[in-house]
Each structure stands twice: as C-alpha cells, then as structure tokens.
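Side chains are part of it too, since the values below use all heavy atoms of this structure and drop only hydrogens, waters and symmetry mates. Just so you know, ligand 1 is whichever comes first in the structure, and atom 1 is the first atom listed for that ligand. This is a predicted model, so every value here is computed, not measured.
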Amino acid sequence: MKITVRLIISLILVTTLVASIFSFIQVHNEKERLAEELKMRDMILAENLQESVKGLLRPQSSTKLNRIVERFCKRKKLMGAAIYDKGGILLASNPDFSSELQQPIPQVTKSISENKYTSDFKMLIGKKVHLYTTPVDEDGEIVGVLLLINDASYIDTRLKGIWRHNFMRLLILSILIILTTIIVVRWSITGPIAQIAEWLKGMRMGKIDKPMYLPRGDIIGPLAIEVTHLAKSLALARAAAEEEARLRISAESLWTRERLREYVRLELGGNNLFVVSNREPYMHTKQGRKVECIMPAGGLVTALDPIMRTCGGVWIAHGSGDADMEISDNNGRFRVPPEEPLYTLKRVWLTKEEEEGYYYGFSNEGIWPLCHITYTRPNFRLNDWIHYQNVNEKFATALLNEISEEESPLVLIQDYHFSLLPLLIKSKRPDAKVAIFWHIPWPNPEAFGICPWKEEILLGILGADIVGFHTQFHCNNFLETVDRFLESRINWDEFSIERYNQLTFVKPFPISVVSPSSIKSTLDEEGIDIQSIRSQRDILLKELDINSKFVGVGVDRIDYTKGIIERFRAVERFFQKYPDFIGQFTFIELGAPSRTHIKQYHDLIAEVEGTADKINWGFQTKGWKPIVFLKAHHTHETINRFYKAADLCMVTSLHDGMNLVAKEFVASREDEDGVLILSQFTGASRELHDAIVINPYDIESMADAIHVAITMEPSERIERMKRLRQIIKERNVYRWAGNLITALVRLRITKTSVKKV
Ligand code: F6P
C-alpha cells in the first residue's frame, strides 16, 4: 500500500475514534441535561397544580377536577395530566389519556407507597413522554397523586442532531486530512524523492553535470546531503575514468587516485598500509557539551589523508584532542573519515609530561629550529631528549602490535618526531619495509652538527630502508651529514648509505596535493555551489566589512619559519612605493595558531597582530584596510573560498620543506586565474617555476612582486596558472605515494638482515 494511503487511513481511523468518544460523551451529557431540565419544569408545574386541586381530591369533585386538569394542560402546554386519589383511583385526566391512565401506572403506585416524586420516560400513544408523579398531602397525610405527562420526543431529535452534526464535522475533517496529507507527502517526501531519482538518473546517464537544489534541514535533508555526496563522487569517478581512458590512449602515465588504489591492491594483495605521524588527521575536541571533529592545519594531514582514503590501512598518531579518548574504542581505534570511514586511526595516548618533552621540547624547540635555517636558536635539554626516546619507544610498541599479524608490512613513518622509530621497528621486525619521510628541510652538516644527540638521530633514521625528502638538495645534505658523523659507505651514484651490510636509500619524493580536478566540480563538501561562491568575492569582502578591488591571501600555521612578518612588511612597502593602490588592495592572512605553549610561537602571534595593526593604522581609510588578519583554525572549505576569491597568494617562508599552501592555491584555481608569489626557500619553488619567485628577506623586491602580480596582463596570468596547474596535475600526491610505495615494494629484504640498535 502506498505511504500516502497508509498515512490517510491511519489518520482517519484515529480521528474517527477520538471523534466518536467525544460525541458519545457529548450526547450523554446533553441527554442528562435535558432530562434534568424537564424534571425541574414538571416539579414547578406540579406545585402549581397541587395548589389548585387542594381540598378537591374526592370522587364528588371529579367534574371540577377534570376541568382544572384540562385548563391547566392547555395553559402550560402540557401533553397531559391526571389526578389519582390515595387508593390509586383515577379522579381526573385530560381526555387524550383517559383510557391509558384508567389503571394507575407503576410510577403512581410508587409515589403513593413511598411518598415521593418519580421522574421517568415511557412510550405512550406511540410517543416518547416524560412522566412526573408527586404525592399530594393535606395536613401531613397523602390524599392523592398528581401525574404530569410531557412530550420528550424532542430529546431524541436533539441527540440525533448532535450525532449528525459531529458526523458532518468528521467528514469535513477527513477530507481536509486527505488533502493535507496528499499535499504534504507530495511536497516533502514523494516530490523531492522523485526529483532526486530523476536527477540521479540524469547523472547516471551523463546528461546532468550541474548541481540541483535539494531541500536542506527537511525530512529528506540528510538523504539529500548523502545523495549530493554520492553524485559528486559519481561525477568525479566518471571524470577519473574518462581521464584514465584518455591517458591510456595517449600512453601517458599519470598517477590518479584510481591508479594508486589499483596499484596498492595488486602490490599489497590485501595487506594494510601503516602510517605513523605525530599529528592525527582527525581531532575530536569538546565545544561546550558538544564534540566537534576538526582536521588539524598542516601539510602532512592535507597530503596523507587522501592517500589513506585511497589505500586504506592504519594510521597511528598521537590522540591530542580533549575528546579523542571518549570517541575511540578501548584500543584507541576509530574509523575515519567519520562521515565515510575508509581507514583506521589508532591513537596513542601521551601524558602531559611526555607531550611537553617530546613534542614541544625536543621536536619543536630542538629539531625544528635545527632543521630550519631561520636564525632561531635550537634548545636541547636532556629531559626533553629522554621523553623523545620514550615516546618513540611507545609508538614502536603500538606499531609492532598493529603489524604483528602482517607479513612484510609496509610502514611509512612521518617526520622529525620519529627519527628513532625506524631502527626500533627494524630491529624487531627486519621483514618490515620501512620508509621515513622527513617533511622539513635537512640542514648542512655544520648546522646539524650542533645537536648533542646527532649520532643517535642519524642511526635511528638509518634503520629505515628508505629515507625521503622533498628535494635532492635535502637528500644531499643528509648524505653529507651521515658522511661527516657516522662511519659508513656512501654511494653517490645510487644515493644510498651502507653500514654493516645494512642499506638505506636516500631519495627525493616531492610531496603534493590531490590533482586539480579536470571536471569543474560545482559542489563543495556541503553540496553548496562553489561557482556561485567564487563569482561572489564581494560577498566574502562584505562579510569582512571591507571594500577592495584587489585581494591577496596568505594561509599559514602561525610559525616563525613562514615569514608572515616579512610578508606584512612587503605589503606596507608596496603601499609606500605604489600609493595609487591605497584603498585598492587588501591582503587577507588566514593564520592558525600553532604550538602556542612555546614562547616564540606565543610571542609571534602578538607580533603578527601588532604588525598588522600598525600597518593598518598608517594606511586604513573608511571601509578599507591594507591587512585583514584572521587568527583561527579555518576549515578547508573556508580556505578554498579565499583562495578562489584572491588575485594573488603569497607564500613567503624563510625556509620550508615543501609548502603545500602554494600547491593548494594552484589546485583550487579551476578558473585558471590568479598569481602565486613564492619564496625561493620552499621546496615548492623547485617545481613551480611559473610563480613569481621571491626572496622573503628582500622586502623591496617582495613589494615589487605584489605590484607585478596585480598589474600582470590577464593573458600572462592565465598562461602561468595553466602551466602551474599542469605541474600539480602531473606531480600530485598520488604520484608521491605511488613512487614511495614502489620504491619500498621493490626492496629485497631478507629476514636475516637485522638492523642492530
Ligand atoms: O611541516 C612540518 C610539520 O610537522 C608537518 O609535517 C605538519 O603538518 C605541520 O608541521 C604541523 O605541525 P604540528 O603538527 O606541530 O601542528
């Protein structure tokens, strides 16, 4: 049965039941009320009649009594009346009832015997009548009985009227229920579902590539969102398949998500991929009573999450969100992404002291400034080093547990937080194929040489079969560092290091982002039409309450390596050198606070804010200011809106392994427009030659670069952006993972090649 019919029948049944119960009660009450009314009336009339017949209740006065009765009935519009003596003998009555009342009726007898009135209904001469009897007494003695007869048929008529009236009401109500149900069901359920079905059919047949408006927040709201996602996936899958087909025909070898998935499926044959990093890809935090899931800022997560979504497997990371524990199972496991689980996140819990020493202390006050040449002095404390060693061991235990069932597992260790982990793993599981990817630069041997525990770190890293950096330059620095501080044989032909028969390859794997889409997907994660957002840069500026012809954007974790202050100074210098642009160009900085327990990071936020305020104070006019500093953790969707709205993006790192903001900006520009200003000290500058490459220490030339970007001919802008996008398309993150996994699976590792701690 159709849902509409089922709904209508159920509603009508319930309504009928309720209406019947209420009608019954109403009729019952009305009947009682009318009977009572009739009784009261007869009581008063009986009193009147009693007065008139007092002293006449004897057979001799029968004629007089008859006259009185007849007159009384006429005057009071009574149907009938009768008078009996105390023996029940009829003394008088009106002629209509003389024969029926000859014999005393039971009510009369009852009044005489019990000396009290009666009120009753009865059928007389084919009519429903009300009978009222009352004893007549003289000097305290019963001398007779009066009987009054009233027409009571109107009561039934009235009650029938009520039933009829309520039935009509029910009928109208039922019609309204039917109509309303049909309209509501059509409007809110069957209509939209039919629309969705029609739209999906169109999508399936490739006739539709536009989004459709689907009602949100309604009954089918969640379904609509899911369908939008599904449709988006379908469109992307179709585009990818078309792209694959195109590539097959042109014999190109582009890495795509599908190719990586298929490759991993064949090479790993159902085995898991294991990733270890400090930062987790999904962090659960408490916002009041609610738990929110955020994706932490930073290139590592941006790059690795799509890989894990594609390959599946287990990602082991520090559970640093304050709601992580309550969301995860007893083993710290949680399937992610939460909306469409594709891989397992295994969280490792650290104490406050461990986090303080290992993460803030040794990793970020020691190794981080050691590897980034930004003239920030590293701090090496023994206590931090001890925590660093312990946490590496803790992660080793977690990882060894995870891989205990796997033969020759593939392990990808991420970053400088885990320099000791490769050796800890290989010493226990020599069959594991282990790579460590160093996301930050590797300095020259002199710079690295100041680290008190340099040998331990190098030995830990060399436990890996493959050590990856973003650039050949960093590989060379690493090889030279090992050459300087460890006894080993460096093979510069194949970039490998041999120590006691253990071989480690050192190779560049420039990390990247997901390929720019070749179809212009018009839907974002929430199913919102992003093309309309892009064409509405004004809306974005209005939200910020500014008015500007040109917009620049910067996106960073607030870190002293990112050159944010230098960038702001360049903006200031730009207005000094090119005052015509005052009121015409606004630079928007999206800065995510990071590592704020470390004094330098804490102070940097204040310095960035202070610098922006000072520059704004010098130049701002009503409705315009040179710099908007949005200090917050921004979602990818928000960042994308800014990327798309900007005329230029500035990446001015003083030193950076790769910098994925540069690549994300390019990937987001489906309109093939926009200019990238890029620091020469980023790994990205080795690939993105069509950016305007600058030295962030040279404020003058950075100011000029902003001018060049804003005044660049549209044709040149578009040509540059097209070439940049082609580079990102070819060197995407699937290629990064594909190359790294290929290098790992090709290793020939025997169980005897144990690495010693
Ligand atoms: O760039 C180095 C790096 O460790 C990345 O690997 C990571 O994405 C980013 O810094 C974020 O840093 P943190 O995890 O300390 O917030």
Side-chain angles (χ1 to χ4, degrees), residues 275-283 285 294-308 315-321 324 345 347-348 350 354-374 376 384 388 391 395 412-419 421 435-443 468-471 474 509-513 555-564 590-598 600-602 604-605 632-634 636 639 651 653-664 679 681-684 733 736:
V275 165
V276 187
S277 75
N278 169 71
R279 188 57 68 207
E280 56 181 341
Y282 297 89
M283 182 192 273
T285 56
I294 60 162
M295 238 189 169
L300 187 149
V301 166
T302 310
L304 266 291
D305 179 60
I307 299 302
M308 289 304 280
W315 182 334
I316 303 172
H318 171 208
S320 52
D324 278 350
L345 170 62
R347 285 157 167 160
V348 174
L350 298 182
E354 284 173 333
E355 192 179 358
E356 186 63 45
Y358 136 84
Y359 172 73
Y360 287 107
F362 196 76
S363 298
N364 287 316
E365 282 195 89
I367 307 185
W368 179 268
L370 178 75
C371 290
H372 289 91
I373 312 296
T374 60
T376 303
D384 293 347
Y388 184 82
V391 171
F395 271 79
L412 306 182
I413 298 170
Q414 308 297 316
D415 239 347
Y416 56 100
H417 312 87
F418 297 116
S419 63
L421 195 53
I436 179 164
F437 189 79
W438 202 260
H439 287 256
I440 61 176
W442 189 275
F469 293 97
H470 293 298
T471 65
H474 297 149
F509 298 94
I511 207 165
S512 193
V513 293
V555 179
D556 306 89
R557 275 185 313 103
I558 305 176
D559 192 302
Y560 54 79
T561 61
K562 302 294 178 187
I564 302 172
L590 307 182
S594 165
R595 306 173 190 168
T596 45
H597 294 318
I598 299 172
Q600 278 118 330
Y601 285 83
H602 183 266
L604 180 65
I605 295 181
H633 174 88
H634 300 279
H636 283 292
I639 293 172
V651 174
S653 308
L654 305 179
H655 203 187
D656 219 330
M658 172 55 72
N659 193 293
L660 288 186
V661 168
K663 293 188 171 181
E664 276 180 351
S679 162
F681 304 122
T682 59
V733 74
W736 175 82

Exercise for review: Examine F395 together with H318 and report whether their ring centres are nearer than 6.0 Å.
Suggested key: no
Check your understanding: Angle class for the H372/W368 ring planes (parallel below 30°, perpendicular above 60°, tilted otherwise)?
Key -> tilted
Check your understanding: Is the side chain of D556 donor-acceptor paired with the backbone N or O of I558 at a distance under 3.5 Å, no angle test?
Key -> no
Point to revise | CH2-CG distance between W315 and L345, expressed to the nearest 0.5 angstrom | key: 8.5 Å
Check your understanding: With Y282, which of I294, V301, D305 fulfils side chain to side chain contact (heavy atoms under 4.5 Å, CB included)?
Key -> D305
Review point. Hey, which residues fall under 4.0 Å of ligand 1 on heavy atoms?
Key: R279, G298, G299, L300, Y359, W368, D415, Y416, H417, H439, I440, R557, R595
Review point. Is it true that H655 and F681 have ring centroids separated by less than 6.0 Å?
Key: no
